[in-house]
Amino acid sequence: MYSSPPPQSPSLSAQPPAGAQPATSSRLGSIDALRGLVIVFMLVDHVRETFFLHHQVPDPMVVADTPPALFVSRLLAHLCAPVFVFLTGLSAFLYASKHGDGRGAAASFLWRRGLFLVVLELTVINFAWTFQFPPTKVFLQVIWAIGLSMLALAALVWVPRTLLIVLGVALVAGHNLLDGVHFPLGHALHIPWAILHDRGWIDVSDALRLRTSYPVLPWIGVIAVGYAAGPWFLPAADVAQRQRRLLAWGWGLLVGFVVLRALNVYGDRPWVAGETAITTLMGFFNVTKYPPSLLFIALTLGIGLLLLRAFERRDGTSALGWLAAFGAAPMFFYVLHLYVLKLLYLAAHAVWGANQGALFGFEAVWMVWLCALVLAVVLYPAVRAFAAFKARRRDIAWLKYL
């Protein structure tokens with residue numbers, strides 16, 4: 001673990017202090033390692049969506065129809081989006097802390113990067129999933145949600161940090177009160193509400209439909225909370241104090257999850273006891289992702305904060321260095337692995353044909369994990385080389401978008 005600077009209290013303002021120096025690479029290494037870990041979990045989930053699609057996994061999962069191995073695989077993947085979005089807010093603060101104009105730099109970066117991600121989702125990423133042009137369906141997924149959340153945060157960075165925290169927590173904790181609000185097709189509020197909270201379809205024309213897979217309202221809360229946590233990671237921040245905060249908030253979220261889930265009164269769909277201890281446990285942790293419920297975010301962010309603390313304490317180890325390489329070039333890996341998976345599926349279907357109805361697929365969940373492990377090893381050199389190139393060529397402005 002690196003040595004800490006002289007202890008100082010982080011700023012209570014939402015604005016990064018003018019002239020603040022960037023965090024050390026070792027400190028950012030823990031952030032990259034956490035991002036890299038959830039990228040590996042994401043890879044497993046996308047291999048599942050490519051080669052195990054014959055076993056559909058709804059949201060929330062149907063416990064009686066979901067084998068435990070598949071349930072655990074999907075549950076681990078639940079960590080991805082909340083950690084990505086939280087770290088996006090945190091990274092935006094740290095980026096702005098390098099610039100003298102603080103909030104102005106953050107707003108400018110967030111606006112440009114958010115718009116870039118929205119366009120990327122609509123074009124390059126959607127084509128990677130469908131290989132259809134022109135598309136008849138466009139799935140607005142996690143990159144879209146991150147992009148819109150960044151656009152929202154570009155406006156929210158101007159409010160005081162205390163208000164930003166209140167707004168973030170209110171969106172995360174209170175949006176389940178809106179679960180019963182729906183607007184039918186043709187209603188003036190159907191499209192904005194489908195984007196914000198109610199997962200559904202938007203008919204653009206007779207030939208094109210949009211699927212709002214990731215309603216963004218709670219994600220705006222998560223990115224706001226991530227940005228508000230930025231002062232914890234400034235060079236002047238007390239390392240021990242930061243780790244105490246990560247420990248307290250991580251366990252606080254997990255304890256809150258257990259208590260609220262046990263009460264079964266708010267925060268997600270009610271759970272019921274199963275026929276066995278395993279199915280009962282699965283039911284307890286069977287949380288809703290679309291949109292992410294309060295309990296979904298409490299569970300995943302609680303684990304994420306504890307992992308971030310653990311990675312900081314273990315910074316410099318070879319395993320974390322391997323993960324940090326993935327976390328240093330997340331968008332490059334995201335686009336790369338989607339196209340690799342699509343080409344692998346087309347090749348497998350051409351060679352072996354359909355063996356799961358109309359699909360080609362693996363026979364067991366362990367094959368999904370093995371495939372993901374092999375792909376992580378095979379793609380690692382390319383990702384590491386790109387991350388090194390990006391770090392070396394900071395004069396190339398567009399590289400920071402990847």
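The minimum heavy-atom distance between Ala105 and Tyr95, with the atom names listed, is O-CE2, 4.0 Å. Closest of all the heavy-atom pairs between Ala229 and Phe86 is CB-CZ, 3.9 Å. Residues Arg161 and Pro231 come closest through the heavy atom pair NE-CG, 3.8 Å. Across all non-hydrogen atoms, the minimal contact from Ile39 to Phe326 is CD1-O, 3.4 Å. In this structure, Leu79 and Thr300 approach most closely via the heavy-atom pair CD2-O, 3.5 Å. Residues Ser97 and Leu234 share a closest heavy-atom pair of CB-CD2, 3.7 Å.
Atom-to-atom distance recorded for Leu359:CG and Tyr345:OH is 4.5 Å, nearest 0.5 angstrom. How far CG of Leu148 is from CG of Leu196: 9.0 Å, rounded to the nearest 0.5 Å. Once rounded to the nearest 0.5 Å, the distance linking OH of Tyr334 with CG of Leu117 reads 10.5 Å. Interatomic distance, Lys137 NZ to Thr130 OG1, rounded to the nearest 0.5 Å: 11.0 Å. Taken from CG in Asn286 to CG in Leu75, the straight-line distance is 8.5 Å, to the nearest 0.5 Å. Between Leu295 atom CG and Leu299 atom CG the span is 8.5 Å, to the nearest 0.5 Å.
With Arg112 contributing its side chain and Ser108 its backbone, the two residues share a donor-acceptor pair below 3.5 Å. Arg48 places no side-chain N or O within donor-acceptor distance of the main-chain N or O of Ser73, the cut-off being under 3.5 Å. Within the 3.5 Å criterion, the main-chain N or O of Gly274 finds a donor-acceptor partner in the side chain of Thr280. At least one donor-acceptor pair under 3.5 Å links the side chain of Asn355 to the backbone N or O of Gly361. Within the 3.5 Å criterion, the main-chain N or O of Pro292 finds a donor-acceptor partner in the side chain of His175. Put simply, the side chain of Asp238 gets close to the backbone of Ala240: a donor and an acceptor are under 3.5 Å apart.
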Considering only distance and modelled atom types, tabulate donor-acceptor pairs under 3.5 Å from the side chains of residues 214-225, sequence neighbours left out.
| residue | atom | partner | partner atom | Å |
| --- | --- | --- | --- | --- |
| Tyr214 | OH | Lys289 | NZ | 2.9 |

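Val335 is listed as a side-chain neighbour of Val124, based on a closest heavy-atom distance under 4.5 Å. In this structure, Phe311 and Leu37 have side chains that are in contact, with non-hydrogen atoms separated by less than 4.5 Å. Counting only heavy atoms from C-beta outward, the side chains of Gln356 and His55 never approach each other to under 4.5 Å. In this structure the side chain of Leu246 reaches within 4.5 angstrom of the side chain of Arg242, judged on heavy atoms. The shortest side-chain heavy-atom distance between Glu49 and Leu341 does not fall under the 4.5 Å cut-off. Side-chain contact check for Leu90 versus Tyr227: every heavy-atom pair is 4.5 Å or farther apart. Side-chain contact check for Val83 versus Arg35: every heavy-atom pair is 4.5 Å or farther apart. Two residues are said to be in side-chain contact when any heavy atoms from C-beta on lie closer than 4.5 Å; Leu301 and Trp249 fail this criterion.
By the side chain to side chain contact (heavy atoms under 4.5 Å, CB included) test, Leu76 is found to be paired with Phe41, Val72, Trp369, residues two or more places apart in sequence or in another chain being considered. In this structure Thr212 satisfies the side chain to side chain contact (heavy atoms under 4.5 Å, CB included) test together with Leu140, Ala194, Ile195, Ile202, sequence neighbours excluded.
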* Would Ile143 and Met331 satisfy side chain to side chain contact (heavy atoms under 4.5 Å, CB included), going step by step from the backbone distance to the final call? -> CA-CA 9 Å; Ile143 302 304; Met331 186 52 63; 3.7 Å; yes
* To do: For side chain to side chain contact (heavy atoms under 4.5 Å, CB included), just list the numbers for Leu156 and Leu167, CA-CA rounded to whole Å, side-chain angles, deciding distance to a tenth of an Å, and then say yes or no.
  => CA-CA 9 Å; Leu156 291 176; Leu167 288 172; 4.1 Å; yes
* Asked: Should Arg245 and Arg309 be marked as a side chain to side chain contact (heavy atoms under 4.5 Å, CB included) after you check the CA-CA gap, both sets of side-chain angles, and the distance that decides it?
  -> CA-CA 9 Å; Arg245 285 172 168 167; Arg309 178 181 183 271; over 6 Å; no
* To do: For Thr50 and Leu344, run side chain to side chain contact (heavy atoms under 4.5 Å, CB included): C-alpha distance rounded to whole Å, both residues' side-chain angles, the deciding distance at 0.1 Å, then the answer.
  => CA-CA 9 Å; Thr50 303; Leu344 283 176; over 6 Å; no
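Side-chain contact annotation: Asp268 with Thr288, donor-acceptor N/O pair under 3.5 Å present. Under the 3.5 Å distance criterion, with hydrogens and angles disregarded, no donor-acceptor pair is assigned to the side chains of Thr88 and Ser91. Glu121 and Gln141 share no donor-acceptor pair across their side chains, judged by distance under 3.5 Å alone.
A 6.0 Å sphere centred on CH2 of Trp322 holds more than 12 heavy atoms belonging to other residues, nucleotides or ligands. Within a 6.0 Å sphere centred on CH2 of Trp201, other residues, nucleotides and ligands contribute more than 12 heavy atoms. Within a 6.0 Å radius of CD1 in Ile278, other residues, nucleotides and ligands contribute 12 heavy atoms or fewer. Remark: Arg384 CZ is loosely packed, at most 12 non-hydrogen atoms of other residues, nucleotides or ligands lying under 6.0 Å away.
Between Phe332 and Phe389, the gap from one ring centroid to the other reaches at least 6.0 Å. Not less than 6.0 angstrom separates the ring centroid of Tyr290 from the ring centroid of Phe296. Here the two rings, on Phe233 and Phe93, have centers that are 6.0 Å apart or farther. The six-membered or imidazole ring of His46 lies near that of Trp129, with a centre-to-centre distance under 6.0 Å. Aromatic ring centroids of Phe52 and Phe362 lie 6.0 Å or more apart.
Aromatic ring pairs are classed by plane angle as parallel below 30°, tilted from 30° to 60° and perpendicular above 60°; the pair Trp352 and Phe360 is parallel. Ring geometry for His337 against Phe333 counts as parallel: the plane angle stays under 30°, on a 0 to 90° scale with 60° as the upper cut.
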